[in-house]
Amino acid sequence: MKDKIYVTQPSMPSFEEYAQEISSLWDSKWITNDGDKVNELKKQLMNYLSAQDMTLFVNGHSALESAIAAFNFPRGSEIITTPYTFISTIHAIVRNGMVPVFCDIKPEDCTIDSSLIEALITDKTVAILPVHVYGNVCDVNRIANIADKYNLKVIYDAAHAFGVKINGKPVANYGDVTMLSFHATKVFNTIEGGALCYNDSVIKSAVENIKNYGIQDEETITNVGANYKMNEFQAAMGLCNLRHLDEDINICGMIIEEYRNRLEGVSGITILQPQDYVKSNNAYFPVFFANKAIRDYVYNALRSHEIYARKYFYPIANVCDCYKDEEFAKPDTTPVAIDMSNRVLCLPLYRELSKDDVDAICRVIVEEGLCQAVN
Ligand SMILES: *Cc1c(COP(=O)(O)O)cnc(C)c1O
């Protein structure tokens, strides 16, 4: 094989398209602080996502941290979430002085097992923070019912779910607030970037206070805020990428079909079934092997061909170095999450990946990885 194949490659416009998009910044000299590009991107994204309201951020993590901070929960409050997520989710909780309470996941889609949430609620619980994993969506209606019953807030980490729809309804229409990530590795990118979408306008004003140092106007500073603003160059990248997004998603859908054709029914490989009420964004293609040893063998077999798949998510939050000794870690209470994490490999998936690449990847997995590993 000619080139190294990484798990993903960022979507980028042509150099000429980006140069055209940013050229006006040399006239305006307005390169950050809510400029035209950021405002235009926000308008187009709200339209694309049918979002009621939105705030753009310099990255997804700062959006999530701000969302949690905006509710002003008492320090030491508990937030129910899952360990099967990118570590950002858990850091956002802990850096806000809150305690994550880990709920297990469902093996069929890797999202929070909503049947286990109620048993974890205590008098310290203030919110549920579910994660839409690989673009698979959580049990949004059941979670809303539980939140209503116990008067809890719902903050969604939808970093994997940009553009996903549930029975035709945009994913950001669920929960009090939903975080999106526009990191280079995500379906839609602004190089680095993120957003919050709201169904709660009180929270929006609290968030916007945090985002720009708590500065209201030249002479009024009301909050201990921070600096999480998206700049004009990021927004310009977003405006360009948005033009090609639907095409990117369709092409990745065809690559996923190709993988499915090659790997479905192969003994020793489990592929998640698409949720039939969900319009997917074709962002990830995770496969699961029989055990950790085989997963690691396949991972290394791919590496020897300069194909870099990713153990994603591994290690998960309740066994990683910085949290494993915390009282809240309790890995024994999330056996499904631990097991899925030990067996998962996300295969390369991006627009430029050719049919021949997919073919080569699948051949290494099946012929060199699986066969050798079990012998
Ligand atoms: C990417 C990601 C984040 C963080 O977003 P950034 O834009 O990289 O800061 C948070 N949660 C999940 C599940 C993610 O995949």
Side-chain angles (χ1 to χ4, degrees), residues 7-11 38 41 45 54-69 79-96 98 100 102-103 105 109-112 127-138 154-164 171-172 174-175 177-197 207 210-211 226-231 233-235 237-238 241 280-286 310-318 320 322-323 337 340-341 344 346 349-350:
V7 69
T8 189
Q9 228 179 57
S11 302
V38 162
L41 180 65
L45 284 176
M54 178 184 279
T55 305
L56 295 180
F57 281 83
V58 66
N59 57 49
H61 180 83
S62 62
L64 191 58
E65 260 196 47
S66 302
I68 298 169
I79 297 184
I80 297 173
T81 188
T82 65
Y84 198 83
T85 181
F86 184 52
I87 202 67
S88 163
T89 318
I90 311 309
H91 288 347
I93 295 172
V94 174
R95 289 171 59 83
N96 269 295
M98 311 282 133
F102 293 122
C103 183
I105 61 169
D109 58 23
C110 296
T111 68
I112 193 165
I128 308 171
L129 202 171
V131 184
H132 300 301
V133 180
Y134 307 134
N136 294 327
V137 299
C138 306
V154 180
I155 303 166
Y156 276 108
D157 180 335
H160 284 195
F162 182 94
V164 166
V171 84
Y174 296 88
V177 51
T178 295
M179 178 274 262
L180 298 166
S181 164
F182 312 144
H183 182 257
T185 55
K186 302 299 198 309
V187 145
F188 166 74
N189 85 76
T190 59
I191 311 171
E192 295 266 4
L196 292 178
C197 302
V207 163
I210 294 167
K211 193 184 94 168
N227 176 12
Y228 296 146
K229 303 182 300 290
M230 178 182 278
N231 69 54
F233 289 83
Q234 291 175 286
M237 183 62 100
N241 281 333
S280 170
N281 61 6
N282 303 327
Y284 298 93
F285 191 69
R310 189 167 172 207
K311 301 172 193 175
Y312 187 64
F313 303 109
Y314 172 88
I316 53 171
N318 50 4
C320 75
C322 79
Y323 295 129
M340 299 301 275
S341 164
V344 71
C346 279
L349 178 59
Y350 49 88

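This chain uses plain numbering: 1 for the first residue, then up along the sequence. In each ligand, atom 1 is the first atom listed, and ligand 1 is the first ligand listed.
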Visitor: For atom 10 (C) of ligand 1, which of the options Ala283, Ser88, Ala161 provides the nearest non-hydrogen atom?
Guide: Ser88

Visitor: Nearest heavy atom to atom 2 (C) of ligand 1 wins, so pick from Lys186, Glu65, His132, His91.
Guide: Lys186

Visitor: Any atoms of ligand 1 less than 4.0 Å from a non-hydrogen atom of Ser181? List them with their elements.
Guide: 1 (C), 5 (O), 6 (P), 7 (O), 8 (O)

Visitor: For Tyr312, counting its heavy atoms only, list the atoms of ligand 1 lying under 4.0 Å from any of them.
Guide: 15 (O)

Visitor: Tell me the nearest of His160, Met179, Glu192 to atom 15 (O) of ligand 1, using heavy-atom distances.
Guide: His160

Visitor: Starting from atom 9 (O) of ligand 1, which protein heavy atom do you reach first, and at what distance in Å?
Guide: His61 N, 2.8 Å

Visitor: Would you please say whether a donor-acceptor pair under 3.5 Å links the side chains of Thr185 and His183?
Guide: yes

Visitor: Among protein heavy atoms, which sits nearest to atom 14 (C) of ligand 1, and what does the distance come to when rounded to 0.1 Å?
Guide: Ala159 CB, 3.3 Å

Visitor: Starting from the C-alpha separation in whole Å, work towards a yes-or-no answer on ring pair (Phe, Tyr, Trp, His ring centres under 6.0 Å) for His160 and Tyr312.
Guide: CA-CA 12 Å; His160 284 195; Tyr312 187 64; 5.6 Å; yes

Visitor: Does Tyr134 reach ligand 1, in the sense of a heavy atom lying below 4.0 Å from it?
Guide: no

Visitor: Between the side chains of His91 and Tyr323, is a donor N or O closer than 3.5 angstrom to an acceptor N or O?
Guide: yes

Visitor: What I want to check is whether the side chains of Asn241 and Ser11 have a donor and an acceptor closer together than 3.5 Å.
Guide: no

Visitor: Has Ser341 got a side-chain atom pairing as donor or acceptor with Phe313's backbone, closer than 3.5 angstrom?
Guide: yes

Visitor: If you look at every heavy atom in Ile155 and Pro130, which pair is closest and at what distance?
Guide: O-CD, 3.3 Å

Visitor: In terms of residue, atom name and distance, what is the protein heavy atom nearest to atom 8 (O) of ligand 1?
Guide: His183 CB, 3.7 Å

Visitor: Going by the atom numbers of ligand 1, which of them fall below 4.0 Å from some non-hydrogen atom of Thr89?
Guide: 11 (N)

Visitor: Tell me if a side-chain donor or acceptor on His132 pairs with a main-chain N or O of Cys138 at a distance below 3.5 Å.
Guide: yes

Visitor: Please check: side-chain N/O of Asn59 versus main-chain N/O of Glu192, any donor-acceptor pairing under 3.5 Å?
Guide: no

Visitor: For atom 3 (C) of ligand 1, which protein heavy atom lies nearest, and how many Å away is it?
Guide: Phe86 CD2, 3.7 Å

Visitor: Mind checking whether Gly193 has a heavy atom under 4.0 Å from ligand 1?
Guide: yes

Visitor: Can you sort out which atoms of ligand 1 are near Thr85, meaning under 4.0 Å from one of its heavy atoms?
Guide: 13 (C)

Visitor: Return the residue, atom name and 0.1 Å-rounded distance of the protein heavy atom closest to atom 11 (N) of ligand 1.
Guide: Asp157 OD2, 2.7 Å

Visitor: Which residue is it: Thr190, Asn231, Leu56? I am looking for the one with a side chain to side chain contact (heavy atoms under 4.5 Å, CB included) to Val38.
Guide: Leu56

